[in-house]
Asker: 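Below: one structure in structure tokens.
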Amino acid sequence: MKQSKDFKRTLITTALPYANGPVHIGHLAGVYVPADIYARYLRMQGRDVVMVGGSDEHGVPITLKAKNEGVTPQDVVDKFHGIIKEAFEDFGITFDVYSRTTTDIHKKTASDFFKTLYDKGEFVEKVTEQYYDEEAKQFLADRYITGTCPSCKSEGAYGDQCESCGTSLNATDLINPKSVISGSKPVIKETKHWYLPLDKHEPFLKKWILEDHKEWKSNVYGQCKSWIDLGLQPRAVSRDLDWGVPVPVDGAEGKVLYVWFDAPIGYISATKELTPDWEKYWKSDDSRMIHFIGKDNIVFHCIVFPSMLKAEGSYILPENVPANEFLNLEGDKISTSRNWAVWLHEYLVDFKDKQDVLRYVLAANAPETKDNDFTWKDFQTRNNSELVAILGNFVNRAVVLTHKYYDGKVPAAGTYTDYDKEALAEIPQIVERVEAALEGFKFREAIREMMNLARLGNKYLADSEPWKIQKTDAERVQTIMSICLQITANLSVLIEPFLPFTAKKMQGMINLSGLVWSDCGKLDLLKEGHEINEPELLFDKIEDETIQIQLDKLEQAKKANEAAAAIATPAKENVSFDDFSKMDIRVGTILEAEKVKKTKKLLKLTVDTGIDQRTVVSGIAEFFKPEDIIGQQVSILVNLAPRIIKGIESQGMILMAEGACGELTFVSPAKSVKPGSEIG
RNA sequence: GCCGAGGUAGCUCAGCUGGUUAGAGCGCAGGAUUCAUAAUCCUGAGGUCGGCGGUUCAAGCCCGCCUCUCGGUACCA
């Protein structure tokens with residue numbers, strides 16, 4: 001495998017945050033902090049690096065949000081692009097360019113990209129059937145259709161997914177589909193779309209990833225292998241929608257590029273926006289591209305986007321895709337809609353000027369190999385016993401002593417003892433280990449090693465005990481303090497990629513600036529007589545009360561969510577008595593039950609309906625063991641049209657009640673009654 | 001069900017192509033120390049490496065089966 005130094009320049013891309021909400025700690029930990037550490041590290045080495053990012057502003061969810069709030073999609077993305085961009089700036093994420101996908105340059109870039117592939121015959125055209133709203137005169141994307149979930153029967157399920165039970169759906173599966181736009185019942189209509197034939201690129205992807213990039217992280221490699229082994233399907237690159245980049249082909253009115261197609265092209269347009277020289281980052285073999293993303297994006301960045309680039313023909317492909325897993329918050333998944341998150345803009349209100357603390361905690365506990373948990377307790381501990389006690393404390397000790405003994409002037413080093421030499425020799429070793437970790441995208445390890453330099457400082461100071469011998473051997477103390485100050489100076493450089501705000505503060509304190517990475521390991525960064533400034537604390541302790549406030553805040557969010565979930569869904573439309581009478585619901589008794597093989601949710605039941613004994617397949621296996629429900633009385637819809645499920649004919653449907661957390665319960669008579677009793 | 005990733009000290013994680021008494025940080029206990037934000041330094045306790053079987057002179061690392069967590073995918077009338 002090629003080393004990063006074999007390349008002349010590096011293009012770092014960061015996942016484009018979707019502009020329908022602010023960014024939270026999960027985004028930061030998974031993508032932006034690691035990317036920024038890496039970019040800063042390369043820049044400090046004087047290497048040619050460009051880090052691009054931007055807001056992803058197209059797609060259906062944004063149009064939905066706009067509609068709900070009675071504003072235009074542009075209003076929505078303007079608002080969140082602003083919030084997101086500011087949050088990144090506040091946290092010191094050093095994008096060389098932070099753009100957005102609603103710029104003209106991007107529209108043109110994406111449009112041209114499509115046109116090139118179109119002209120080369122890289123797409124296949126397909127006509128499919130989709131829902132169409134005749135009143136609003138437009139096709140309905142999945143998110144624009146609601147109805148009753150065929151799975152859990154709850155109202156308000158979307159065409160792609162039921163929010164209530166989490167099942168992913170096809171829009172055509174919904175019972176009583178309704179257009180979100182006009183409320184009318186949509187009709188099925190034919191529509192033409194373009195597809196990227198991923199299957200065609202499969203042999204290439206197989207070799208490129210599975211053979212040539214075995215060094216990718218196991219989670220990334222494994223995920224790709226899984227997708228490729230499952231067989232790749234053509235993916236639609238266009239949608240019937242009016243918010244996005246128009247498909248640049250005759251007869252494509254009302255169609256735009258599907259958001260996943262236009263979003264990664266945003267990396268290209270952002271680079272174009274940055275420099276007229278953009279092609280050298282994208283089209284020369286001595287450039288390498290690194291995609292920083294979360295695990296939800298692996299398939300796009302490892303399979304889809306490379307296929308697009310390959311099909312286009314003139315672009316380089318990513319050299320590595322160091323995708324992270326997910327960060328949980330206090331044991332639960334971070335969720336924008338449930339407001340279970342720590343929002344970056346809110347964090348800075350509560351923890352003013354503590355960007356580095358969060359950067360540190362997130363990098364030290366980044367979900368590199370598996371999902372990780374962010375807890376406020378851990379945040380407090382890492383701040384108090386690592387940043388304050390180890391790093392801040394050492395620097396403070398060195399600076400305070402220098403002022404005490406030498407009035408702030410750096411003393412001259414005398415003769416080094418063996419122990420001095422030993423300690424000093426460790427500095428370049430630590431630097432080397434930090435470098436190796438960073439080159440391998442092991443940010444947790446890198447930050448641990450970085451802290452080891454501060455640990456070394458504390459140990460050296462404690463072992464040397466200058467305060468004990470200042471009166472008897474002042475000359476020796478000069479050497480000791482000189483070494484402590486050189487370690488401090490080294491620290492101020494080494495921590496910069498990770499803790500840029502603190503690095504700046506430190507360099508101000510020791511009156512140094514313009515340090516670069518190759519200064520790490522030097523023992524003469526501070527010359528004799530160099531004057532340093534007054535000590536100031538790099539970090540403050542965080543008290544229990546401060547942490548409790550954050551925990552309370554989350555607890556409130558949780559309560560608010562529970563309250564929202566407790567509200568019953570609105571009643572359905574009225575039906576006539578005749579409609580109701582059509583349904584034949586009986587009390588039945590389960591006689592036999594067994595799991596349907598090769599399924600997770602299905603039980604095959606034999607039910608005594610009083611009329612007959614029949615077979616019903618029911619999706620309740622996650623909640624009941626077969627042996628526990630023999631003899632259970634249930635409500636059964638007996639005149640539902642039979643249907644074959646997994647090779648078994650299901651003759652009817654067991655009615656279930658769904659609890660607040662999605663758990664299912666039988667609807668059965670309060671007293672045992674004879675099978676066949678009618679419910680009505 | 002199938003595919004992928006994980007399951008190593010109280011917590012968060014390392015463990016190279018299998019090789020002597022399984023490591024680190026935090027936490028905990030004891031001691032030292034006072035320059036420093038009661039911070040620091042030293043020492044120590046603590047693990048049947050998810051479980052069972054197998055291959056091997058030797059397995060946390062290889063193979064099989066099982067189990068739990070996370071993600072993808074199929075199924076849910």
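Per chain, numbering begins at 1; letters A, B, ... match sequence-line order.
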Asker: Is it true that K333(A) and D371(A) make a salt bridge, defined as a side-chain N closer than 4.0 Å to a carboxylate O?
Answerer: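 Salt bridge absent between K333(A) and D371(A).
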Asker: Does K295(A) make a cation-pi contact with F326(A) (under 6.0 Å, within 45 degrees of the axis)?
Answerer: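 Yes - K295(A) lies over the ring of F326(A), closer than 6.0 Å to its centre and within 45° of its axis.
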Asker: Would you mind classifying the nucleic acid contact of V617(A) as base, sugar-phosphate or nothing, using non-hydrogen atoms under 4.0 angstrom?
Answerer: sugar-phosphate
Asker: I need the minimum non-hydrogen distance between M450(A) and V434(A), along with the two atoms involved.
Answerer: N-CG2, 3.8 Å
Asker: Can you tabulate the close N/O pairs, meaning under 3.5 Å, that link protein atoms to atoms of nucleotides 68-71 of chain B?
Answerer:
residue: C70(B); atom: O2'; partner: K295(A); partner atom: NZ; Å: 3.3
residue: C70(B); atom: O2'; partner: D371(A); partner atom: OD2; Å: 2.9
residue: G71(B); atom: OP1; partner: K333(A); partner atom: NZ; Å: 2.1

Asker: My understanding is that only residues two or more places apart in sequence, or in another chain, count here; which of them pass side-chain hydrogen bond (donor to acceptor under 3.5 Å, both in side chains) with K409(A)?
Answerer: none
Asker: With sequence neighbours excluded, tell me which residues meet side-chain hydrogen bond (donor to acceptor under 3.5 Å, both in side chains) with S464(A).
Answerer: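 Result, side-chain hydrogen bond (donor to acceptor under 3.5 Å, both in side chains) vs S464(A): none returned.
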Asker: Testing V638(A), V587(A), V616(A) for side chain to side chain contact (heavy atoms under 4.5 Å, CB included) with T609(A), which one passes?
Answerer: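 By the side chain to side chain contact (heavy atoms under 4.5 Å, CB included) criterion, T609(A) pairs with just one of V638(A), V587(A), V616(A): V638(A).
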Asker: Within residues 393-405 of chain A, find the residues that approach RNA chain B with a heavy atom at under 4.0 Å, and present them sorted by residue number.
Answerer: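 The answer is N393(A), N396(A), R397(A), V400(A), L401(A), K404(A).
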Asker: Sticking with atom P, work out how far G10(B) lies from U48(B), rounded to a whole angstrom.
Answerer: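 Straight-line distance between the two P atoms is 8 Å.
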Asker: If the condition is side-chain hydrogen bond (donor to acceptor under 3.5 Å, both in side chains), which residues does D544(A) pass it with, not counting sequence neighbours?
Answerer: Q380(A)
Asker: Output every pair passing side-chain hydrogen bond (donor to acceptor under 3.5 Å, both in side chains) with a member in residues 449-461 of chain A, not counting sequence neighbours, ordered by first then second residue.
Answerer: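 Pairs touching residues 449-461 of chain A that pass the test: R397(A)-N458(A), D420(A)-Y460(A), R433(A)-E449(A), E449(A)-N452(A), N452(A)-R455(A), K459(A)-D463(A).
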Asker: Hey, is the main chain of D373(A) close enough, under 3.5 Å, to the side chain of N328(A) for a donor-acceptor pair?
Answerer: no
Asker: For a stem of at least 3 consecutive Watson-Crick or G-U pairs with distances under 3.5 Å, i pairing with j, i+1 with j-1 and so on, which stems involve RNA chain B?
Answerer: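 RNA chain B forms these stems: B:1-7 with B:67-73, B:10-13 with B:23-26, B:28-32 with B:40-44, B:50-54 with B:62-66.
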Asker: F666(A): what forms a ring pair (Phe, Tyr, Trp, His ring centres under 6.0 Å) with it, not counting sequence neighbours?
Answerer: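 By the ring pair (Phe, Tyr, Trp, His ring centres under 6.0 Å) rule, F666(A) matches F624(A).
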Asker: Under 4.0 Å: is that the gap between some side-chain N or O of S218(A) and OP1 or OP2 of G6(B)?
Answerer: yes
Asker: Does K442(A), at its NZ atom, have more than 12 non-hydrogen atoms belonging to other residues, nucleotides or ligands within less than 6.0 Å?
Answerer: no
Asker: Write out all pairs satisfying ring-ring contact (aromatic ring centres under 6.0 Å, His included) with one or both partners inside residues 462-491 of chain A, taking only residues at least two apart or from two chains.
Answerer: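 Sorted pair list comes back empty.
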Asker: Using the C1' atom in both, what is the distance from C66(B) to A77(B), to the nearest Å?
Answerer: 34 Å
Asker: Protein within reach of the bases, or only the backbone? For nucleotides 27-33 of chain B, mark each nucleotide 5' to 3' as B, S or -, using heavy atoms under 4.0 Å.
Answerer: S-----S
Asker: When you measure from the side chain of T369(A), which nucleotide among A14(B), U12(B), G6(B) comes out closest?
Answerer: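 When the side chain of T369(A) is considered, A14(B) is the closest of A14(B), U12(B), G6(B).
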Asker: Taking only Lys NZ, Arg NE, NH1 and NH2, and the carboxylate oxygens of Asp or Glu, determine whether D584(A) and R586(A) approach each other closer than 4.0 Å.
Answerer: yes
Asker: Side chains of Y360(A) and M451(A): closer than 4.5 Å at any heavy-atom pair?
Answerer: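 In short, these two side chains touch, coming nearer than 4.5 Å.
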Asker: Could you write out each protein N or O paired with an N or O of nucleotides 41-44 of chain B at a distance under 3.5 Å?
Answerer:
residue: C42(B); atom: OP1; partner: K459(A); partner atom: NZ; Å: 3.3

Asker: If you assign D540(A) and W227(A) each to the RNA chain B nucleotide with the nearest heavy atom, which residue ends up on the more 5' nucleotide?
Answerer: D540(A)
Asker: If I pick the C1' atom on G6(B) and the same atom on G15(B), what distance separates them, to the nearest angstrom?
Answerer: 16 Å
Asker: Could you go through the side chain to side chain donor-acceptor pair (under 3.5 Å) check for N324(A) and K217(A) one step at a time?
Answerer: CA-CA 9 Å; N324(A) 274 334; K217(A) 289 174 61 173; 3.2 Å; yes
Asker: K505(A): what forms a side-chain contact (heavy atoms from CB on, under 4.5 Å) with it, not counting sequence neighbours?
Answerer: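 Applying side-chain contact (heavy atoms from CB on, under 4.5 Å) to K505(A) gives E536(A), L538(A).
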Asker: CZ of F379(A) versus P of U12(B): gap in Å, rounded?
Answerer: 18 Å
